[in-house]
Amino acid sequence: MDVSPILDQLNDAQRQAVSAPAGNQLILAGAGSGKTRVLVHRIAWLIQVERISPFSIMAVTFTNKAAREMRGRIEELLGLNPRGMWVGTFHGIAHRLLKAHWQEAKLPQNFQILDSDDQLRLIKRVSQGLQLDEERWPAKQTQWFINHNKDEGLRPDYIQTHGDPHQETLVRIYRAYEEACQRGGMVDFGELLLRAHELWLNNPRLLQHYQDRFPFVLVDEFQDTNTIQYAWLRVLAGDRCAVTAVGDDDQSIYGWRGAKIENIQRYSQDFQGVETVRLEQNYRSTRTILDAANAVIENNFGRLGKTLRTDGDDGEKISLYAGFNEQDEARFIVERIEEWQRKGKSLESCAILYRSNAQSRILEEALLRESVPYRIYGGQRFYERLEIKNALAYMRLIINRNDDAAFERVINTPTRGIGSKTVDGIRLFAREQGCSMWDASEQMVSNKGLSARAANSVAAFCALLNELDNQTQELSLEKIASAVINSSGLIEFHEKEKGEKGQARVENLQELINACRAFNPENDDLSPMEEFLDGAALDAGEAQADEFEDAVQLMTLHTAKGLEFPLVFMAGVEEGLFPHRMSAEEPGRLEEERRLCYVGITRAMEKLYISYAESRRMYGSETFNNVSRFVKEIPDALIEEVRLKTAITRPVSFGSSYGDSAQSRPRLGQRKLAGRLSDDGGDTGLSLGQRVLHPSFGEGTILHFEGNKIQINFDDVGSKWLIAGAKLDPL
DNA sequence: AAGATAGTCGTTTTT
DNA sequence: CGACTATCTT
């Protein structure tokens with residue numbers, strides 16, 4: 001066997017990981033160290049050198065995107081599609097198991113997946129059903145409670161309430177929610193994992209079957225596994241399976257979602273003879289960038305230890321810019337991007353990363369002003385959009401009339417005169433009869449259990465669905481979607497919505513038909529529509545329009561994990577924002593913020609800009625933040641502070657409230673600076689060296705004017721840059 | 001059933 | 001501040 005295609009072009013550590021003898025292995029893969037490559041080559045090695053059948057291999061990822069990429073790259077390397085291999089997300093694989101063994105899992109064959117929005121609605125209804133005050137038991141919090149416990153593998157019976165009445169009520173809702181899910185054949189994300197785990201624990205023969213089938217399991221992003229995922233893997237692995245765990249403890253940024261960074265350490269103890277390989281050679285960033293990243297992450301304790309190295313050049317220093325407010329910061333970034341563009345570089349190669357989504361608006365405005373195209377990642381996902389979920393609900397009802405969640409969603413969408421009172425009545429009747437809302441509706445229509453008006457509307461709705469079902473029996477998925485969207489009245493409903501919103505929604509519905517056309521069914525046991533709907537629930541769909549235009553990329557630091565860009569801006573690197581004030585207190589959470597910073601820095605290939613704003617409007621009021629502690633953790637030698645030396649072109653506006661001081665005479669030698677005019681044409685009356693009073697900082701002396709900012713040395717709080725318009729009273 | 005209005009709340013979000 | 005929700009109004 002010629003192993004060169006598999007091992008060539010790998011460094012020693014990568015080669016060691018790829019060609020290790022079959023067994024448990026932990027691959028600690030630093031940022032940019034070729035992690036996916038090693039994973040893919042390891043699989044190729046198993047198949048081609050160790051002669052392992054693809055049927056014996058399972059590869060688990062966290063995102064659909066990662067799963068797709070892995071499948072694609074394996075195919076590329078092997079030159080063929082490794083049939084029989086399972087590649088998917090934890091949730092996707094759990095779903096597959098439950099679909100295959102629905103009876104053992106005690107689920108209806110056509111069980112539905114609840115996304116978090118569906119889940120929240122259901123929790124609200126369940127809480128109402130228990131007569132609980134929504135103020136005291138906010139559905140959001142209950143949802144967090146339920147999901148948190150499911151992530152920990154805890155069913156209601158196993159939760160320790162210690163007699164705390166608050167906890168006990170939450171457990172009661174949890175229990176009622178579970179019953180509602182079971183009644184309606186609905187499964188949320190956490191439940192998929194929990195059920196799949198229990199499926200094996202309760203069916204030893206089934207477990208045996210899968211243990212025999214998958215002697216090789218590979219897991220990507222191991223640092224992001226939560227308790228139930230780890231437990232599931234542990235059960236599958238038994239004591240014969242070889243597990244390859246790939247991860248980076250320094251890039252664990254989802255602890256707040258239940259991910260357990262400790263799972264990496266635990267793995268070495270729980271699994272037999274784990275061989276550890278560190279991938280520390282970085283192929284992405286300049287030495288300067290890596291040194292900065294290493295210096296920051298060194299401040300965390302209890303790391304498994306790993307230092308990124310490169311053979312590359314030092315590269316440029318990291319530029320640090322102190323904007324005097326968020327607008328100034330945004331303007332600075334946009335100017336640097338235009339500069340980059342003038343050098344003939346693409347916009348696609350630039351990313352602006354920020355801690356929280358709220359920061360994107362100011363950046364967008366600045367980009368818009370200069371007509372720089374941009375693309376924002378994150379935000380609402382395609383299959384989570386209201387109009388899409390409505391259309392899908394019709395499709396779900398075609399398959400299964402007893403899908404109450406879908407029923408409630410569209411019985412009056414578009415509005416057809418069925419108010420909440422009627423729906424409440426149907427729900428109540430369904431509960432009493434122990435039947436679905438669909439059945440309840442039919443009964444109430446024939447029993448005269450409804451007002452004539454309501455009965456009419458409900459009957460019409462039922463007829464519409466029955467007709468859709470009949471019409472579409474033999475049609476392709478695309479035609480079904482098209483029929484649903486057109487006959488349901490959803491298009492007209494959204495068309496008359498005012499503003500651009502309606503237009504966008506109609507386009508999205510059109511896009512849904514396109515997605516149906518492009519859909520490739522793979523599972524013979526399911527109808528294409530069933531398969532499509534399951535897929536839609538598990539894959540949010542990276543609907544990003546305008547993929548073709550060259551555009552700057554805007555996203556949160558979390559979203560940027562796994563990506564790389566030649567030019568990176570980290571914006572808003574301030575105390576309070578990053579690290580976020582909610583995380584700054586607890587050491588564990590602060591360390592996670594630091595890992596996020598590490599992730600951010602290591603996204604940059606050639607050049608990194610870090611910026612912050614000395615003053616920022618947050619929640620409507622102005623806040624003054626210091627530069628982030630993380631910046632101070634970067635050695636000075638790697639940083640170059642940017643001070644704009646641009647000519648003062650813009651007039652300064654300190655407001656017109658100083659009209660009376662227009663006569664105050666600038667002192668000699670300061671005429672040029674002090675004589676600038678404010679926007680409304682009046683002299684600001686402020687001059688260098690002048691004493692002023694600020695409402696929060698007290699008295700100070702004006703040190704500098706620059707652009708439309710002003711530096712003042714305050715007696716109490718030291719020197720600060722303020723914006724034009726700051727409330728300054730000349731003394 | 002749409003529109004207006006008051007009140008709330010405010011990190012990050014793989015599935 | 002401003003986006004989103006719940007509630008009230010016509």
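Values reported hereafter were calculated over all heavy atoms of this structure, with side chains retained and with hydrogens, waters and symmetry mates removed. Proteins get letters first, then strands, A, B, ... in listed order; numbering begins at 1 in each.
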Exercise. Between A:Met582 and A:Thr415, name the one whose nearest nucleotide on DNA chain B is closer to the 5' end.
Key: A:Thr415
Quiz item: Between A:Tyr174 and A:His148, does the ring centroid distance fall short of 6.0 Å?
Solution: no
Exercise. Answer yes or no on whether A:Arg589 is positioned over the face of A:Trp256, meaning its NZ or CZ is under 6.0 Å from the six-membered ring centre and within 45° of the axis.
Key: no
Quiz prompt | Distance in angstrom units between A:Tyr354 OH and B:dT13 C1', rounded | solution = 14 Å
Quiz item: Are a donor atom and an acceptor atom from the side chains of A:Asn263 and A:Gln229 found within less than 3.5 Å of each other?
Solution: no
Exercise. Could you state the atom-to-atom distance from CG of A:Leu120 to P of C:dT5 in whole Å?
Key: 10 Å
Quiz item: When we call it a touch if two heavy atoms are under 4.0 Å apart, what does A:Lys124 touch: a base, just sugar-phosphate, or nothing?
Solution: sugar-phosphate
Practice problem: Consider only side-chain N and O atoms of A:Glu575 and A:Asn625, and report whether a donor and an acceptor are under 3.5 Å apart. | Solution: no
Quiz item: Rounded to the Å, how far apart are A:Arg257 CZ and B:dT11 P?
Solution: 16 Å
Exercise. State which of C:dC1, B:dT11, B:dT15 makes the closest approach to the side chain of A:Phe189.
Key: B:dT15
Exercise. Take atom C1' in C:dA6 and the same atom in B:dT11, then report the distance between them in whole Å.
Key: 25 Å
Practice problem: Tell me which of A:Gly419 and A:Ser116 sits closer to the 5' end of DNA chain B, going by the nucleotide each one is nearest to. | Solution: A:Gly419
Quiz item: Any donor-acceptor pair under 3.5 Å between the side chain of A:Arg589 and the base of B:dT11?
Solution: yes
Self-check item: Between C:dT5 (P) and A:Leu386 (CG): distance, integer Å
Solution: 10 Å
Quiz prompt | Distance in angstrom units between A:Asp115 CG and B:dT15 P, rounded | solution = 12 Å
Quiz item: Rounded to the Å, how far apart are A:Glu592 CD and B:dT13 P?
Solution: 13 Å
Quiz item: Just to confirm, is there a sub-4.0 Å distance from OP1 or OP2 of B:dT12 to any side-chain nitrogen or oxygen of A:Thr559?
Solution: no
Self-check item: Length of the CG-P vector between A:Leu353 and B:dT12, whole Å
Solution: 14 Å
Quiz item: How far, in whole Å, is C:dT5 from B:dT12 if one measures between their C1' atoms?
Solution: 23 Å
Quiz item: When all nucleic acid strands are considered with a 4.0 Å heavy-atom cut-off, which category describes A:Tyr254: base, sugar-phosphate, or nothing?
Solution: base
Quiz prompt | CZ (A:Arg453) with more than 12 external heavy atoms under 6.0 Å | solution = no
Exercise. Check if the side chain of A:His91 and the base of B:dT15 share a donor-acceptor pair of N or O atoms closer than 3.5 Å.
Key: yes
Quiz item: What do you reckon, are the aromatic ring centroids of A:His95 and A:Phe111 less than 6.0 Å apart?
Solution: yes
Practice problem: Could you tell me whether the phosphate oxygens of B:dT13, OP1 or OP2, come under 4.0 Å of any side-chain nitrogen or oxygen in A:Tyr377? | Solution: no
Practice problem: Could you say whether the aromatic ring of A:His558 and the base of B:dT12 stack, counting only centre distances under 5.5 Å and plane angles under 30°? | Solution: no
Quiz prompt | Protein-nucleotide distance (A:Trp256, atom CH2; B:dT15, atom C1'), rounded to Å | solution = 12 Å
Quiz item: If you look at every strand shown and take non-hydrogen atoms under 4.0 Å, does A:Gly417 touch a base, only sugar-phosphate, or nothing?
Solution: sugar-phosphate
Practice problem: Give a yes/no on whether any side-chain N or O of A:Asn357 is located under 4.0 angstrom from OP1 or OP2 of B:dT11. | Solution: no
